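Inspection log for the structure reproduced underneath, given as structure tokens.
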Protein chains: 2
Amino acid sequence: MAKPTLNDVASAAGVSRATASRALSGYGRISPITVSAVKAAAEKIGYQPNAIAQSMRAGKTRTIGLVIITDFTNVFFNRATKGIVDTARAMGYQVLIFNTNEDVVLEREAIITLTQKRVDGLIVVPSTAEGHEHLISLTKSRTPLVIIDRVLPGVKATSITTDDASSCEAAVDSAVALGHRHLAFLVATPTVSGYQSDVPQLLNSAIESRVKGFLAGTQKQKKIRADWIFCDESPETALEAAAKLCDSPMRPSVIFTSNNDMAQAVLKVVAERDLIIGKDISLVTVDDSTWLEAIYPGITVIQRPVDELAQLAVTKLVAQMETSSKRVETILLPTKLVTRGSIADLS
Amino acid sequence: MAKPTLNDVASAAGVSRATASRALSGYGRISPITVSAVKAAAEKIGYQPNAIAQSMRAGKTRTIGLVIITDFTNVFFNRATKGIVDTARAMGYQVLIFNTNEDVVLEREAIITLTQKRVDGLIVVPSTAEGHEHLISLTKSRTPLVIIDRVLPGVKATSITTDDASSCEAAVDSAVALGHRHLAFLVATPTVSGYQSDVPQLLNSAIESRVKGFLAGTQKQKKIRADWIFCDESPETALEAAAKLCDSPMRPSVIFTSNNDMAQAVLKVVAERDLIIGKDISLVTVDDSTWLEAIYPGITVIQRPVDELAQLAVTKLVAQMETSSKRVETILLPTKLVTRGSIADLS
DNA sequence: TTGTAGGCGTTATCAC
DNA sequence: GTGATAACGCCTACAA
């Protein structure tokens, strides 16, 4: 009782394989009567074309590979994933998904597996690390590739990222305008362990952009103090780092966090100390989530256009796949500072 | 410059296709010298086996299809997705992903596409609707299938769900013990439009289980008032429904919500009315999220074992695929009531 | 130990 | 308008 093949359809309809194929795929010359007979036969025996065989012949799989760094827990990446999957489906493509937990080794393996499965193209969020030769060799073999969320200077591929710098700068301006003079930035990065105030050697471009924006904002002011903490992505470290900020004798009046997890750590630490967000201490973070709006006060946030990014990633990739154009684009999408109640007015 | 094939490796190494294949796959008798020669040649020309051709021959794809209802936004489904993808990878399988937005039509199309792509098995969260014949025909054709989060009475397939009823009942008990006498349950279901207090005809089994638990808890008490609101899944309706509860002259002292989105709606409405959670009004919800713990007060929650569920789904599916056993299991995983500060002590 | 050859299910080219 | 046939890349039974 194996699955029926085109051969079965052909014999059921009393025609040849070739005719059956033509009838079902609707190409070439063929009489309408035969077409309906074949279709009826196919229906009757429950024929489902074997996409593997089709791919084998066509050399295309109508599948794209998605290699994402982590945790669908992260608002940005889970919404991006949904957007990519849905857009791809609408365009007739399916998505094979991998996550790497920010581990280049897993990333490399994922790319190899996807290459072997002959996906038509790849969307990758590269992990924060050195050693992306596997991506370079993809571009060399002309495999359609779109890199999202981060750019990788060494890799000549289309990238789609967001302009976090300008909104981070705007956020600083906004806080300063409200009278804040002591700011702190709490940055999560997989490239440190524990926490530290020095800027790490290696940052991914998304984080770097936020750092730069913050820096630009603070440096253009006089009499501003800006503190930094870079920490790894474990919840414990985040809490320690947030506590360090809040317990300092010179507590910053506003804390910027680089992602939702860090914002949560700050919320926890602040609550434990009976401080009130938007009054005793202020908070701004990156990547909007329904939670940031649901809680009170709402958290001011730098919104990134995740749906647009997801759609663009797929359409640009499909364009590469279907036209085999090798144009490399570097797309930077605008971000937006959305003001809610989490920055106190000190003026 | 097409991708090198086994033939290319063979000629590069000066052997036949068969020998090259044996050398690379390591089977049959073959001299070590030939093996290393072939491997060197493969390496040199950058040979990557074509998994499509392998699948074609083997009749297996080492791919599983995941059809999930919606929104990776939902904590439960995004963590489940991650668990499934990671477990599958560890077992040597890749995951083709679809989401249906609770639409049976899309679900049906997804299953057809996945069948045509000859996935070795499927993990499905069936949408809340009638008409799952496509799943029944899957079981008839012996396609390995695991249904998660919900059971579908008509479909003879392994299912993995969670025992929400008992924790919902425990949550009611707990609230009653703290002195609550007027409870309300705010339930999101795609099967209504707008909101209503009557129990809808059609509920998915997960929601039904929560309803039953709540009912069991309230009915065993005397002098308890229990209100219901069933509403669709749009944020607007959720807000209206939550407002209706909070603005009622007979405001419940504790609100149970069926998911995180509804909990967020309650939080918003409550904040707008300057009420304090855990004091003026109480809240309990289903499915833990880092946010429920990060905010103040933490929200008491019914935790479902999502990681365990994800792992089980994959291992049970793989067991079906690799042993072609057709044993149907109905697995119910325990849940846990985690108490935080969101239920006021009225006693 | 290695080579030859057939077939997995499709599609498309070439005859008739 | 339809049928026979080759080819996609791989694996493996069989032959040498």
Side-chain angles (χ1 to χ4, degrees), chain A residues 1-39 41-42 45-63 112-120 141, chain B residues 1-39 41-42 45-63 112-120 141:
Chain A
M1 290 254 302
K3 288 207 158 60
T5 73
L6 197 55
N7 251 326
D8 302 327
V9 178
S11 22
V15 297
S16 73
R17 242 181 19 246
T19 305
S21 179
R22 277 189 279 251
L24 295 175
S25 321
Y27 75 95
R29 278 183 233 299
I30 188 167
S31 91
I33 307 156
T34 325
V35 171
S36 43
V38 170
K39 284 195 174 161
I45 66 174
Y47 171 71
Q48 296 269 52
N50 183 329
I52 296 294
Q54 290 175 323
S55 294
M56 166 93 151
R57 228 207 98 97
K60 299 197 173 318
T61 54
R62 294 206 77 83
T63 305
I112 291 176
T113 306
L114 289 168
T115 306
Q116 296 185 167
K117 289 213 164 179
R118 297 295 191 262
V119 294
D120 294 342
S141 68
Chain B
M1 288 261 299
K3 286 206 161 58
T5 74
L6 198 53
N7 250 327
D8 302 326
V9 178
S11 24
V15 297
S16 73
R17 243 174 28 239
T19 306
S21 178
R22 278 190 277 253
L24 294 175
S25 321
Y27 76 95
R29 277 185 234 299
I30 188 166
S31 91
I33 305 155
T34 323
V35 171
S36 44
V38 171
K39 285 196 172 159
I45 66 175
Y47 171 71
Q48 295 270 53
N50 183 328
I52 296 294
Q54 290 174 324
S55 294
M56 167 94 148
R57 229 207 95 102
K60 300 193 172 318
T61 54
R62 294 206 78 83
T63 304
I112 291 176
T113 306
L114 257 6
T115 308
Q116 296 185 166
K117 288 213 165 179
R118 297 294 192 264
V119 293
D120 294 341
S141 67

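Labels below follow one simple rule: chain letters A, B, ... track the order of the sequence lines, proteins then strands, and each chain is numbered from 1. Bear in mind that the values here come from a model prediction, so they are computed numbers and not experimental data.
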Whole angstroms only, please: what is the CD1-P distance between A/I52 and C/dG9?
12 Å
Quick note, B/T34 side chain, CB onward, closest among C/dT1, C/dA12, C/dT10 is C/dT1
What pair of heavy atoms forms the shortest contact from A/L6 to A/L24, and how long is it?
CD1-CD1, 3.8 Å
Below the 4.0 Å mark, does D/dC10 have OP1 or OP2 next to a side-chain nitrogen or oxygen of B/Y47?
yes
Measure CD/A/Q116 against P/D/dG9 and give the value in whole Å, please.
15 Å
Over all strands shown, is A/S21 touching base, sugar-phosphate only, or nothing at heavy-atom distances under 4.0 angstrom?
base
Please state how far atom CG in A/L24 lies from atom C1' in C/dT11, giving the value in whole angstrom units.
12 Å
Just the rounded figure in Å: distance from P of D/dT12 to CD1 of B/I30.
14 Å
Quick one: B/N7 CG to D/dA7 C1', roughly how many Å, whole number?
12 Å
Would you call B/I45 and B/V9 a side-chain contact if the rule is heavy atoms closer than 4.5 Å?
yes
Just wondering, do B/R118 and A/N50 contact through their side chains at under 4.5 Å, heavy atoms?
yes
On DNA chain C, more 5' by nearest nucleotide between B/A53 and B/V35 is B/V35
How would you label the contact of A/L6 with the nucleic acid (heavy atoms, under 4.0 Å): base, sugar-phosphate, or nothing?
base
I want to verify a distance call: between D/dC11, C/dT10, D/dT2, whose nearest atom is closest to the B/Y27 side chain?
D/dC11
Over all heavy atoms of both residues, which pair between B/K117 and B/T61 is shortest? Give the atoms and the distance, please.
O-CG2, 3.9 Å
Under-3.5 Å donor-acceptor pair between B/R22 side chain and C/dG3 base
yes
Any side-chain donor-acceptor pair under 3.5 Å between A/K3 and B/T115?
no
Numerically ordered, the residues 9-20 of chain A set in heavy-atom contact under 4.0 Å with DNA chain C is A/R17, A/A18
Give the minimum heavy-atom separation between A/P4 and A/Y47, together with the two atoms involved.
O-CD1, 3.4 Å
What's the NZ-C1' distance between A/K3 and C/dC8, to the nearest Å?
15 Å
Listed nucleotide nearest any side-chain atom of B/T5, set D/dG9, D/dT12, C/dT11:
D/dG9
Minimum heavy-atom separation for B/D120 and B/K60, please, with both atom names.
OD1-CA, 3.6 Å
Judged by nearest nucleotide, the residue sitting upstream toward the 5' end of DNA chain C, B/R57 or A/M56, is B/R57
Ignoring the backbone of A/R29, work out which of D/dT12, C/dG9, D/dT2 is nearest its side chain.
D/dT2
Can a side chain N or O of A/Q54 be found less than 4.0 Å away from OP1 or OP2 on C/dG9?
no
Among D/dC8, C/dT11, D/dG1, the one nearest A/S31 by side-chain distance
D/dG1
